[in-house]
Amino acid sequence: MQRYTPAEIEARWQDAWEKKSVFKAVRSEDKPKYYVLEMFPYPSGRIHMGHVRNYTMGDVIARHKLATGHNVLHPMGWDAFGMPAENAAMAIGGHPKDWTYGNIDDMRAQMKPLGLSIDWSREFATCDPEYYGQQQALFLDMLKAGLVYRKEAVVNWDPVDMTVLANEQVIDGKGWRSGAEVERRALTQWFFKISDFSEELLEALDGLENWPAKVRLMQENWIGKSRGLQFAFSTVDAPDGHDRIEVYTTRPDTLMGASFVGISPDHPLAKVLERENPQIAAFCAECRRGGTTEEAIEKAEKLGFDTGIKVRHPFDTAHEMPVYIANFILMDYGTGAIFGCPAHDQRDFEFATKYDLPIISTYLPSEDADEALAAAYVPPKTEKVFYNRGFAGEQWQTGFEGIETAIDFCEANGVGQGVTKYRLRDWGLSRQRYWGCPIPVVHCETCGVVPENKENLPVELPYDVSFDTPGNPLDRHATWRDTTCPSCGGKALRETDTMDTFVDSSWYFARFTAPRAGTPTEAEDVAYWMNVDQYIGGIEHAILHLLYSRFFARAMHITGHLPKSAIEPFDALFTQGMVTHEIYQTRDAKGRPVYHLPEDVTDGRLADGTEVEIIRSAKMSKSKKNVVDPVNIIGAYGADTARWFVLSDSPPERDVEWTASGAEAAYKHLARVWSLAERIGGMEGAGEGDDDLLRAMHRTIHDVTLGVESFGFNAAIAKLYAFTATLQKSKAGADAQKQAMLTLAQLMSPMTPHLSEEIWARLGQDGLITTAPWPVADPAMLVSDTVTLPIQVNGKRRGEITVAADLGKDEVERLALEEANVARTLDGAVPRKVIVVPGRIVNVVV
RNA sequence: GCGGGCGUGAUGGAAUGGUAGACAUAUCGGACUUAAAAUCCGAAGGCCCUUGUGCCGUGUGGGUUCGAGUCCCACCGCCCGUACCA
């Protein structure tokens, strides 16, 4: 009997698949198409277990679809632009381009031994001029269609390094290299008009039935549609041109409780005051310290500055209230100004308490509640609540039923108008960095901003740049930067900002349908291959990447690069969990943590005997060293073992913890299947229990198929374990056992394709198991004559009966009550009710 | 802060509102072996000197239901996202 030798088997079958081009996707009308895509990787240089899990899941789907007669497109590429390449250039020298392409070569070499059913002929990297040149063409079309514009936006500015920082480079409000306090600074930047599509992107979520409900909900909340009242306060003693302050509120029903007005430090009025008053200038400067993330802004201590300006309440002009500049008000949302109602909003309550502002309660939680509240009472928006205070007419005395009636009332009294707003902001795409797609425009001294001519694309990145000083090398590259105007031929400067890498990943799925086309897409290819039938990736992309892609698909339709049918590019989405591992830690002399690689730890100790502290399992990361290199695992056990393990232990949407024992167990199981196949291959003659074995086989076909089709990979694998045990114990004849073994190999083939091919061949089958038709369960073999029903008394299990599957309810009830332990439990008591769920359970209620 | 998710034996997890713990790991016992490894077979949620088809048990507290791990409300803990990480 031959041993299981994955290294030899796997290389041989990968070779066979390649020779026969089984995974090459070619348009064909005689089979239904199926496009399966996993989010493409960033070429960091090493594949990690997260990649293995992600691509194995996609591979299971792709291989199953291939076996069920589909024309499958399963491509792979590289999301290759981005900061890490520049960071590497700064840290270790070298060039981002060389670093990136070197990494791609390394990662491809690490990925190929996994035996994924990928059409490698379609591979591309987003940093290929061939790709980003088409992206520039797309940008120019979008510019022409009015989908792109320029405006000011704030960035993180490092005043020491004199450079823009990414959020990631801001640590506790300080620059990661200089350690200097980061400032917010405004720059003119390019924006995509995604906000024009707010309503459409929101409404279309309903149609995405095969997306996880939580992702749709997250997108819905992100778009953040709200209905409210926009109106103006008239000011007292304000500078010229600011006799009104426009505010937006989603709670106009609390307007009677207003006690102050707050404006953003970036509000036009604040900017005027800043120029006149040094104290205000200092306060605004204080507000502009720290990072630009929403989290940092929201978590910062709420600060306000009394401008001395007053406003009049629109319903009670005698009531004047102060205008504060406040750091928590965003210029980007609403009008950049709010009214504060401390009694009915927790944040306003805290602000009012801090600055000793009146807290005017207009609602009370209940009729008999005490008016002095310890915290804000936030009345429900839709219910009528007890109204406490009013001074401007009957309506305020009785309260409102819902926000809409409050808006109607305000409109009728000439105070503002109802408006719909969205939280979604336009997408700023400018990055002040080298390693990205150049924005294809020039700045002409006479013509202003001029798009580059399409025949000059791609605007290619220059290679001769240096990273020895902070900032964007393109800014310093005179011969690249200085150019002539495509319009007038005069002196001009190239735009030196590059595009956000999210742009690259917002249309790559469409490019895979015709990766070498001389236009961004090819009409026939997108018509045939789009949409992506199954998209798979991490939950961390639930909002930005997926929303941007949905926007881009619409923009590409408008500019003629995608058909209308592809404006929702991903028919089905699956968000998979991460691969985690325990963290091993010791402490150095100063008590700082020192991390250790899993391969250096045996039984909780290092090689020198030092005991390590085991910290809760977390996402594998270089910094925590809790990384297991797939290359080592494939080397030790083979790809099939790695594939089997990442699918087996946890449901795919949840995190899976990598354990050495789990990997070992997966290997042992595959070796067991191997020797079982060897034994069965040599069997001859008849036996006993053929029918039982074949029934179990059909049940397994049914369960595994269902599991594979519904992302229940872990459950499918559990069924395969169970069936392997059944087959191992079976005394059935040679024919039945061989049939069962071949079926087992087929059912395993999406997960362990190499082992399955080898078994298929060794048991004398012609052709590839990869292209053999998927087994179908015979419904007649799935039904059983009898059924065992548990019997509960008052919800507690007291016994069971085995009855004919089609026995009537009355008869089942009679037999249930006669069951010995049930009768004993009842002890003569007469059941009040007996619930019989056919084929499931009986519950006797006493 | 805000938005979303998750929480079940020693461990990973299974369970269309219907027998909680499938399957696997670790553990323990047995077979084989001079011995060990490998392999094969088996036990196993907790409790009790009541061993009973007994009681308790799916983060905590409440609720809906004949019946709740599953649905609803509140709380606790952890994870993801938060617009320049990809």
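We name chains A, B, ... by the order of the sequence lines, and we start the count at 1 in each one.
Aromatic rings from A:Y548 and A:W427 are positioned such that their centres are separated by under 6.0 Å. Taking the six-membered ring for Trp, A:F328 and A:F351 have ring centres closer than 6.0 Å.
The shortest distance between the side-chain N/O atoms of A:R840 and the OP1/OP2 oxygens of B:G67 is not below 4.0 Å. A close approach under 4.0 Å does not occur between any side-chain nitrogen or oxygen of A:R423 and OP1 or OP2 of B:G3. Distances shorter than 4.0 Å separate some side-chain N or O of A:N167 from OP1 or OP2 on B:A83. Side-chain nitrogen and oxygen atoms of A:K796 include at least one within less than 4.0 Å of the OP1 or OP2 phosphate oxygen of B:C56. Contact between the side-chain N/O atoms of A:R824 and the OP1/OP2 oxygens of B:G52 is not found at any separation under 4.0 Å. A sub-4.0 Å separation between OP1 or OP2 of B:G4 and a side-chain N or O of A:R216 is absent. When the side-chain nitrogen and oxygen atoms of A:T293 are compared with OP1 and OP2 of B:U82, none of them lie within a distance under 4.0 Å. OP1 or OP2 of B:C66 has not a single side-chain nitrogen or oxygen of A:N794 nearer than 4.0 Å. Within the 4.0 Å cut-off from OP1 or OP2 of B:C84, at least one side-chain nitrogen or oxygen of A:R431 is found. The shortest distance between the side-chain N/O atoms of A:R798 and the OP1/OP2 oxygens of B:G67 is not below 4.0 Å.
Of the listed nucleotides (B:A20, B:G13, B:U82), B:U82 has the atom at the smallest distance from the side chain of A:E295. Proximity note for A:E294 (side chain, C-beta onward) versus B:A83, B:G3, B:U25: the nearest is B:A83. Taking every side-chain heavy atom of A:F502 into account, B:A86 is the closest of B:C40, B:A14, B:A86.
The ring pair (Phe, Tyr, Trp, His ring centres under 6.0 Å) test with A:H669 is passed by exactly one of A:F645, A:F723, A:W674, A:Y721: A:Y721. For the pairing with A:R431, the side chain to side chain donor-acceptor pair (under 3.5 Å) check across A:D497, A:T498, A:D500 returns one residue only, A:D500.
Using a 4.0 Å heavy-atom cutoff across all strands shown, A:A665 reaches sugar-phosphate atoms only and no base atom. At the heavy-atom level, A:R654 lies under 4.0 Å from the strands shown only through sugar-phosphate atoms. Among the heavy atoms of the strands, none lies under 4.0 Å from A:L789.
Ring geometry for A:H48 against A:H51 counts as parallel: the plane angle stays under 30°, on a 0 to 90° scale with 60° as the upper cut.
With hydrogens and angles left out, the side chain of A:N843 and the base of B:C66 share a donor-acceptor pair within 3.5 Å.
When rounded to the nearest whole Å, the span between NE2 of A:H669 and C1' of B:A38 equals 18 Å.
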